[in-house]
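Working notes for the structure below.
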Amino acid sequence: MSEYLYSFVIVDDEPEIREGIRDTIPWNQLGFAFKGAFSNGKEALEYVEQNPPDVLITDINMPFMDGLVLSELVLQRSPGTKVVIISGYDDFEYARKALQLQVHDYIVKPITPGEFKETLSKLKQVLDRERAEEQDLERLKKQLTENLPLIKERFLNQIITGTISTEEILDRCRYLGISLNPSSGAFHCIVIDFVKHLGSEEFEINVLRLKNFIQHYLENNIHNQSVIHGWEIFNDDKNHLVILIWGTEKQILYQEDLKITEQIHAQLLNLQLPPLSISIGEVMTDIQILPRAFQDTVQALQIGQLQGKQGIITYRELGRIDKGYKNAIPDWPKDIGSAIKMANMPKVYEAIDGMISNLQKKGLSFDQYQTLIEKLAAVMIITLDDLDIDEQDLFVKDSNPFVELSRLKTLDELRSWCCAVAESCIAIIRSRQINFAEQKVKEALQLIEKNYKEIDFSIQSLCKDLFISTSYFSAILKNYTGKTFLELLTETRITKAKELLRTTTMKSYEISEKVGYQDPHYFSITFKKVTGKSPSEYRSENE
């Protein structure tokens, strides 16, 4: 950073000022490279348009073009240039105009060489900081560009695992340049895997060869854009190779993908790769159900491999057909359990209302309803166990979710039961949170009382002893005491200092060190700020 020289030009119609500044300032030592001196704004502007400098210093009163007009035009053409105005006019209107133009500084003549050097030194600090920020930003942009493939792969995995909302999918697709539209069309997963996984470099090379070949094949052989609108190929968390394809018409997309898969498989046989399996799932028109189809596609792959199959395997070979997805039931019990664990009552109500509303509209069969109730009961038991809540704290003796849910006769009763259980669970969670916070604040006050004498005692060291984060501690401390850590520490230290001033003959600097202040002067300032008196005044009044 210190070796970089910032370009500098000066504009002034007085030769002695231009030449004086040019010849008397040690430019390189101050971190600048003098690039030119101009007698009027017109000449300077022509130069700036071709060679934008880091700094331009200009007088106001000049022929052809005054300094304010020049400043405005320079800042329009080169926003990164720092403009400094040196003027013999100590006039508020000039300064106000310069401020409106957002010039960096406005200096009234005369200015000594020492003052000018100080101005340049401060200016260099600003330029260094901005340059460092620009370099940091460029590094971040470079890292982002380098990591985009990883970010993209993580995002595509979120789609096939259902851990991202439809709205987020749309936003991320726009950012990553993916043509997928989650609200319309058809979506299809094809999963490819080697029959045997070997932890060797050769295996990883084969995975990469496979991926590169398929990507190249798809890029050069998908011509029917009316059927296939786009595709992505990536690895899932089990190192399967996944092809996500999207288009418009469901049945035609399946047929087209099956044909392409057969062509890819035939080509792969020529690559002399280890034996592999390709599983073709069902096409979904709802991207929210795609994760279920993906899991079924993986399951078909695994079953096929267990049976010793190689080559192409379709989900339909398992005896399951597409209509099994038509009445697919969203996992409401899981959503309710997750919201309870997060103590998010609005999300709980949203999940319960969604479940009840869909049950009313879809008219599930009795078997489907019973399956849902059993899963809901199981999720509730798992949730209580995860939260370490005793069933007896929620249900009457010898009862449990299975028993209570079996007694419900209407959907209104089901909703009321779910809401009541969730509200009780969240009340217990929040009570625990409050008790935990109160205990941590109590422990913190004890530690402050114990360690206030330590000069290096800080919120970081305190939170380390409490095993909690500083952000969480700051929030609960403010909530329970109305004060920050620094306010409480200062209050404790000054209280102890007052006691020592009243009861001992110790010098002020000795008391400063005794209560945790390294700088006696800072101690005196703090003491007066808190008490309204200096330490000596306080001692005199309390002798």
Side-chain angles (χ1 to χ4, degrees), residues 122 125-126 128-130 132-133 136-137 140 341-347 387-388 423 425-543:
K122 290 179 180 178
Q125 291 177 12
V126 173
D128 282 345
R129 185 173 64 251
E130 291 183 357
E133 289 172 354
D136 286 342
L137 182 60
L140 288 173
K341 290 178 185 178
M342 292 187 293
N344 188 334
M345 205 61 222
K347 280 289 184 185
L387 296 172
D388 198 23
E423 288 163 1
C425 287
I426 291 176
I428 292 172
I429 294 170
R430 287 177 176 161
S431 175
R432 289 175 179 173
Q433 291 171 341
I434 291 170
N435 292 338
F436 178 81
E438 288 177 343
Q439 180 60 34
K440 288 301 175 184
V441 170
K442 186 183 296 184
E443 291 175 20
L445 295 176
Q446 292 171 349
L447 286 170
I448 290 172
E449 184 71 21
K450 177 183 176 183
N451 297 308
Y452 73 90
K453 297 179 182 179
E454 303 297 328
I455 290 174
D456 58 352
F457 184 53
S458 66
I459 189 172
Q460 287 78 17
S461 61
L462 175 63
C463 289
K464 185 177 179 181
D465 290 338
L466 293 173
F467 299 99
I468 57 177
S469 70
T470 56
S471 57
Y472 171 73
F473 173 69
S474 297
I476 62 173
L477 187 68
K478 188 74 173 178
N479 184 48
Y480 283 94
T481 69
K483 298 175 182 177
T484 66
F485 165 76
L486 187 58
E487 288 170 340
L488 282 172
L489 179 60
T490 300
E491 183 181 279
T492 302
R493 284 174 167 172
I494 298 303
T495 298
K496 300 297 182 182
K498 288 162 67 176
E499 182 182 339
L500 292 172
L501 286 166
R502 290 194 308 268
T503 60
T504 72
T505 58
M506 294 172 64
K507 302 293 186 183
S508 180
Y509 71 86
E510 294 175 315
I511 292 175
S512 167
E513 186 176 349
K514 198 75 174 175
V515 297
Y517 288 102
Q518 190 171 21
D519 184 351
H521 180 64
Y522 180 68
F523 162 68
S524 297
I525 293 173
T526 304
F527 189 93
K528 187 167 186 177
K529 184 178 179 181
V530 173
T531 66
K533 303 177 180 64
S534 69
S536 58
E537 290 172 340
Y538 181 84
R539 171 171 273 167
S540 297
E541 292 181 4
N542 289 274
E543 283 181 342

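Not measured: the values here are computed from a predicted model.
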In a table with atom names and distances, give each donor-acceptor pair under 3.5 Å that connects a side chain of residues 472-480 to protein atoms at least two apart or in another chain.
unit_1: Ser474; atom_1: OG; unit_2: Thr470; atom_2: O; d: 2.9
unit_1: Lys478; atom_1: NZ; unit_2: Gly482; atom_2: O; d: 3.4
unit_1: Tyr480; atom_1: OH; unit_2: Ile434; atom_2: O; d: 3.4

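Remark: side-chain polar atoms of Ser540 are paired, donor with acceptor, to backbone N or O of Ser536 under 3.5 angstrom. A side-chain donor-acceptor contact under 3.5 Å links Arg539 to the backbone of Thr504.
Scored by the salt bridge (charged side-chain N to carboxylate O under 4.0 Å, His left out) test, Asp136 finds Arg139 as partners (sequence neighbours excluded). Partners of Lys464 under the salt bridge (charged side-chain N to carboxylate O under 4.0 Å, His left out) rule, at least two apart in sequence or in another chain, do not exist in this structure. Considering only residues two or more places apart in sequence or on other chains, Phe457 meets the ring pair (Phe, Tyr, Trp, His ring centres under 6.0 Å) condition with Phe485.
Looking at every heavy atom in both residues, Cys463 comes nearest to Ser469 through SG-O, 3.9 Å. Summarising the geometry of Ala343 relative to Ile429, their closest heavy-atom pair is CB-CG2, 4.1 Å, with the distance given to 0.1 Å.
Checked for salt-bridge contact, Glu443 and Lys440 meet the test: a charged N lies under 4.0 Å from a carboxylate O.
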Derivation of the side-chain contact (heavy atoms from CB on, under 4.5 Å) call for Asn542 and Leu501: CA-CA 8 Å; Asn542 289 274; Leu501 286 166; over 6 Å; no

Check against side-chain contact (heavy atoms from CB on, under 4.5 Å), Leu488 and Tyr452: CA-CA 10 Å; Leu488 282 172; Tyr452 73 90; over 6 Å; no

Worked check of side-chain contact (heavy atoms from CB on, under 4.5 Å) between Ile511 and Phe527: CA-CA 11 Å; Ile511 292 175; Phe527 189 93; over 6 Å; no

Derivation of the side-chain contact (heavy atoms from CB on, under 4.5 Å) call for Leu489 and Leu462: CA-CA 11 Å; Leu489 179 60; Leu462 175 63; over 6 Å; no

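Contact check for Arg432 versus Ile428: side-chain heavy atoms found under the 4.5 Å cut-off.
Applying the salt bridge (charged side-chain N to carboxylate O under 4.0 Å, His left out) test to every pair with at least one member in residues 506-534, sequence neighbours left out, gives these pairs: Lys533-Glu541. Residue pairs meeting the salt bridge (charged side-chain N to carboxylate O under 4.0 Å, His left out) criterion with at least one partner in residues 487-497, sequence neighbours excluded, are Glu449-Lys496, Lys483-Glu491.
Between Ile459 atom CD1 and Leu466 atom CG the span is 9.5 Å, to the nearest 0.5 Å. With rounding to the nearest 0.5 Å, the separation of CG in Asn451 from CD1 in Ile448 is 9.5 Å.
Around atom NZ of Lys341, more than 12 heavy atoms belonging to other residues, nucleotides or ligands sit under 6.0 Å away.
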